[in-house]
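Reading through the structure tokens given below for one structure.
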Amino acid sequence: MGVISHDVRSGSKPDRNLALEMVRVTEAAALAAARWVGKGQKESADQAAVDAMRLLLETVPMDGTVVIGEGEKDEAPMLYNGERIGDGSPPEVDIAVDPLEGTTLTARGMPSALAVIALAERGTMFDPGPCVYMEKIAGGSDVADLLSLGEPLGDVIARVAERKGKSVGDVTIIMLDRPRHEDGVQQIREAGARVRFISDGDVSAALFAVSAEAGVDLLWGIGGTPEGVLSAAAIKCLGGQLLGRLWPRDDAERQAAIDAGYDLDEVLDVDRLVSGDDVFFAASGVTDGDLLQGVRYTRDGKATTESLVMRSRSGTVRTVSARHDQAKLREVTGGRYD
């Protein structure tokens, strides 16, 4: 079943834009997590975001299955992989969630923490199985056809520079600051390009890479497979391309993936990671960043949020600024988020 709220054969009404309902969910998670910014307690911040997101998801008219969640049922009390959420009514959808992308960023009061959710038609989101990481490269629609995980990074960078009409020295690649990226960093610097390191925030980095105004040309590196699926959902809405290849951490994980039928040489593009035609994505800022403003508190007891809301079918991208009355939120939710 597609992401619709009626039988399309009736031809009577347009379908619901679930992205507009999803932004309420990410706003709730951001508001809850923001109470823990700078307090050094990343688990508490994450749990607050999960609880708030779960509370709002229960009210959404949909029959959702979490494909990308907080882990297995026994390890995650909320939003675990395979959990059914929503009120059980149509449409049937796959859901990917990261209630708090950047738990460490939040705990340390650092920029670019987000609350993120994506959904698509049932059965269209890639399940990475036992593989926690994948190698990724992403770029905007102007260089999407130039991306490759099978060629030297220097060759890819040279093609991107030529396409964009700039020198290689002006090409910027964003990546997580991790020891596993040492070889890639050396290749980039030998090519003469720039590296922009981030401590966390794989999804926001992918959005930078496909946004013309972000000052970033490519994302490259080995990061989480859940973030890869979430990024692919966003890129299907924004345009651009992300290529991923599963990256087992050790021999045991490699064998588990092979036994489960995964082709570890397969290059996964956005249409493989999220194959649906009607994809919804929402993200709300928890801390201030280049992508979104974080939660801010006003003198009159209000809080403000800024969110990004997108839908692939229409290609609409909205930035939503909201003002929240914390006293009323406490009354409505019993203080579970405000």
Side-chain angles (χ1 to χ4, degrees), residues 19-60 70 78-79 95-118 198-208 211 213-214 227 230-231 234 280-310 317-338:
L20 297 177
E21 301 193 47
M22 291 301 100
V23 73
R24 295 173 53 239
V25 175
T26 56
E27 284 174 349
L31 287 164
R35 289 299 187 185
W36 295 93
V37 169
K39 295 184 177 180
Q41 300 181 48
K42 63 180 184 178
E43 292 83 5
S44 297
D46 189 40
Q47 189 64 59
V50 170
D51 289 345
M53 187 172 276
R54 187 70 177 82
L55 175 67
L56 267 292
L57 281 169
E58 290 173 352
T59 71
V60 177
E70 294 284 285
M78 297 286 187
L79 299 173
I95 297 177
V97 294
D98 195 343
L100 184 56
E101 197 220 9
T103 55
T104 299
L105 297 176
T106 302
R108 298 181 63 187
M110 296 174 67
S112 299
L114 301 174
V116 182
I117 191 167
I198 55 172
S199 62
D200 297 278
D202 220 356
V203 175
S204 59
L207 293 175
F208 292 155
S211 300
E213 64 276 9
E227 289 82 359
L230 281 160
S231 298
F280 302 84
F281 177 92
S284 296
V286 177
T287 58
D288 287 349
D290 294 336
L291 185 66
L292 289 169
Q293 179 180 291
V295 175
R296 296 184 180 180
Y297 302 99
T298 63
R299 295 179 181 179
D300 57 353
K302 307 295 193 299
T304 62
T305 55
E306 186 175 56
S307 304
L308 190 63
V309 189
M310 302 184 282
V317 179
R318 293 179 172 91
T319 300
V320 177
S321 297
R323 183 179 173 91
H324 308 269
D325 187 313
Q326 297 180 84
K328 290 183 178 180
L329 283 175
R330 280 193 292 268
E331 182 178 339
V332 171
T333 66
R336 292 177 65 181
Y337 79 92
D338 64 300

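Quantities reported herein were computed from a predicted structural model and do not represent experimental measurements.
Closest of all the heavy-atom pairs between Ala30 and Gly285 is CB-O, 3.6 Å. For the pair Ala33 and Thr106, the tightest heavy-atom approach, listed with the atom from each and the gap, is O-CG2, 3.8 Å. In plain terms, the two heavy atoms of Ala115 and Val286 that are nearest each other are N-CG2, 4.0 Å. For Val37 against Gly109, the heavy-atom pair with the smallest separation is CG1-CA, 3.8 Å. Closest of all the heavy-atom pairs between Ala34 and Val295 is CB-CB, 3.6 Å. Between Ala29 and Met53, the closest heavy-atom pair is CB-CE, 4.0 Å.
Distance check: Ile117 CD1 to Leu79 CG gives 8.0 Å after rounding to the nearest 0.5 Å. Distance OG1/Thr287 to CG/Leu114: 7.5 Å, rounded to 0.5 Å. Here the CD atom belonging to Gln41 is positioned 12.5 Å from the OG1 atom belonging to Thr103, to the nearest 0.5 angstrom. Distance check, rounded to the nearest 0.5 Å: CG of Asp46 to CD of Glu43 gives 8.0 Å. For the atom pair OG1 (Thr26) and CZ (Phe281), the distance works out to 9.0 Å, reported to the nearest 0.5 Å.
Scanning for salt bridge (Lys or Arg N to Asp or Glu O under 4.0 Å) contacts around Arg299 gives an empty result, with sequence neighbours left out. Listed by chain and number, the residues in a side chain to side chain donor-acceptor pair (under 3.5 Å) with Ser112 amount to none (sequence neighbours excluded). Contacts of Asp200 classified as salt bridge (Lys or Arg N to Asp or Glu O under 4.0 Å), with partners at least two apart in sequence or in another chain: Arg178. Legend: residues meeting side-chain contact (heavy atoms from CB on, under 4.5 Å) with Thr304, ordered by chain and number and at least two apart, are Gln293, Arg296, Thr298. Applying the side-chain contact (heavy atoms from CB on, under 4.5 Å) criterion to Thr319, with sequence neighbours excluded, gives Glu306, Leu308.
Within the 4.5 Å cutoff, the side chain of Arg318 has heavy atoms near those of the Leu20 side chain. Residues Thr59 and Glu21 have side chains not in contact (no heavy-atom distance under 4.5 Å, counting atoms from C-beta outward). Within the 4.5 Å cutoff, no side-chain heavy atoms of Asp288 are placed close to those of Pro111. With contacts defined as side-chain heavy-atom distances shorter than 4.5 Å, the pair Met110/Ser199 qualifies.
Heavy-atom contacts from other residues, nucleotides or ligands closer than 6.0 Å to NZ of Lys302 number more than 12.
The list of salt bridge (charged side-chain N to carboxylate O under 4.0 Å, His left out) pairs with a residue in residues 95-110, not counting sequence neighbours, is empty.
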Quick one, Ser284 with Leu292, criterion side chain to side chain contact (heavy atoms under 4.5 Å, CB included). Give me CA distance, side-chain angles, the key distance, then yes/no. CA-CA 7 Å; Ser284 296; Leu292 289 169; 5.6 Å; no
